[in-house]
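Structure first, then comments.
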Protein chains: 2
Amino acid sequence: MAASTRFCVAVHILAALALQRGKPVASEAIAASVGTNPAVVRRLLSDLARAGLTRSQLGKGGGAMLARAPKKISLLEVYRAMDEPAIVAPPRSTADQTCLVGRNVQPALRRVTDAAEAAFFEKLAGANLKQIVKDIKADDMAA
Amino acid sequence: MAASTRFCVAVHILAALALQRGKPVASEAIAASVGTNPAVVRRLLSDLARAGLTRSQLGKGGGAMLARAPKKISLLEVYRAMDEPAIVAPPRSTADQTCLVGRNVQPALRRVTDAAEAAFFEKLAGANLKQIVKDIKADDMAA
DNA sequence: GCAAACCGTAATAGAATTAGTTACATAAAT
DNA sequence: ATTTATGTAACTAATTCTATTACGGTTTGC
């Protein structure tokens, strides 16, 4: 199964907000930068707001903005806000419980995959939105 | 996106083979343990064989067996054999290249996600099939 | 040699997930 | 009031997995 692209789009959105330094940005403007539909952006913003990472101002002149300084927003928080399913998913079919392997493989395997996922999350926890914004600027200068 | 369940099924298959210690196991027997169709198992075995982890004996009395000792089969090899897509997938839509963020977010983000995926893989590399089999037996005793 | 058991692979169908679109009620600003 | 935006629901389209069916090819054992 493929990984969700929602996380990448969410980071794109947040980076765009960070560059506006608190000025409300309309979902339509963000959607133009991402290359998608405004409603898709609003749906993601809804998730981000629920996670406390952004807030929106309704009405004319409104839009989304960061709820905190970019430095205080870790990429793990963004990932979590997306409610992604586990990286390694157990089979949908149910294994034969009368079989030694069928009864016990998945729990045994999960110990390993849980540790692997934890390592993945730790790396995301170590990165924050400010770094991304900094890299965006630096890369653009270099190009 | 969600993660593929193929990896978990592959480990199930390999664990079942390991417990038979070299005796060929028919895809139908494995399928019964996993709770799926024999053709699904054969397809996965085909991938595992291509990766050099198993081999199959054709004809009557044939079946699949491990190509190496369980201790020499790391879970990372199994994962790689499945040809899973990247854990973090970039958006399908193309970002606006005239926008500072649109031009540069994804490469900047990828540096972080590549490091996170590498950490994930390292953990899988540190586990092998023998440990899984051992845990299967131990868990069953404990239950 | 022939039948039986089994693999390998292709083709197709069915399920489930995800992204995209449209629509509209609500809220703030001027 | 009117305009501009959000938030959310409902629906459609696209994609991706998994499951199933089918069949040609291989080995074993009589």
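Predicted model, so just to flag it, every value in this text is computed and none were measured. Here is the naming used below: chain letters follow the sequence lines, and residue numbers restart at 1 for every chain. Below, all heavy atoms of this structure are taken into account, side chains as well, without hydrogens, waters or symmetry copies.
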Practice task
Could you tell me whether B/Val34 contacts a base, only the sugar-phosphate backbone, or nothing, with contacts defined as non-hydrogen atoms closer than 4.0 Å?
Solution key: nothing

Practice task
Determine: side-chain N/O of A/Ser56 to OP1/OP2 of D/dG7, distance under 4.0 Å, yes or no.
Solution key: yes

Handout entry: Distance-only side-chain donor-acceptor flag, A/Asp139 / B/Asn104, under 3.5 Å
Key = no

Completion exercise
Of B/Gly63 and A/Val40, the one whose nearest nucleotide on DNA chain C sits closer to the 5' end is B/Gly63

Practice task
Would you mind telling me which of C/dT21, D/dT16, D/dT27 lies closest to the side-chain atoms of B/Leu58?
Solution key: D/dT27

Problem - Test: B/Arg80 cationic atom under 6.0 Å from B/Phe121 six-membered ring centre, within 45° of axis - result: yes

Completion exercise
Of B/Gly61 and A/Glu28, the one whose nearest nucleotide on DNA chain D sits closer to the 5' end is A/Glu28

Practice task
With heavy atoms under 4.0 Å as the rule, sort B/Ala26 into base, sugar-phosphate or nothing.
Solution key: sugar-phosphate

Exercise for the section: Give a yes or no on whether a donor-acceptor pair under 3.5 Å exists between the nucleobase atoms of C/dG20, that is its base, and the side chain of A/Arg43. Expected result: yes

Fill in the blank from the handout: Out of C/dA28, D/dT16, D/dT28, minimum distance to the side chain of B/Lys60 belongs to D/dT28

Handout entry: Nearest to side-chain heavy atoms of B/Arg42, which nucleotide of C/dC7, C/dT21, D/dT6
Key = C/dC7

Problem - Minimum-distance nucleotide to A/Asn37 side chain [options: C/dG20, C/dA27, D/dT21] - result: C/dG20

Problem - Carboxylate-amine/guanidinium proximity below 4.0 Å for B/Arg6 and B/Asp83 - result: no

Fill in the blank from the handout: On a heavy-atom basis, the closest approach of B/Ala67 and B/Arg55 is CA-NE, 4.2 Å

Practice task
Mark yes or no for whether A/Gln106, through its side chain, and A/Pro90, through its backbone, hold a donor-acceptor pair below 3.5 Å.
Solution key: no

Problem - B/Thr36 or A/Ala49, whichever maps to the more 5' nucleotide of DNA chain D - result: A/Ala49

Completion exercise
Closest of C/dA19, C/dT9, C/dC7 to the A/Thr5 side chain is C/dA19

Fill in the blank from the handout: The answer to which of B/Val25 and B/Ser93 contacts DNA chain C further toward the 5' end, by nearest nucleotide, is B/Val25

Practice task
Return no unless some side-chain N or O of B/Ser27 is found under 4.0 Å from OP1 or OP2 of C/dC6.
Solution key: no

Exercise for the section: Tell me whether the OP1 or OP2 atom of D/dT4 has a side-chain N or O from A/Gln57 closer than 4.0 Å. Expected result: no

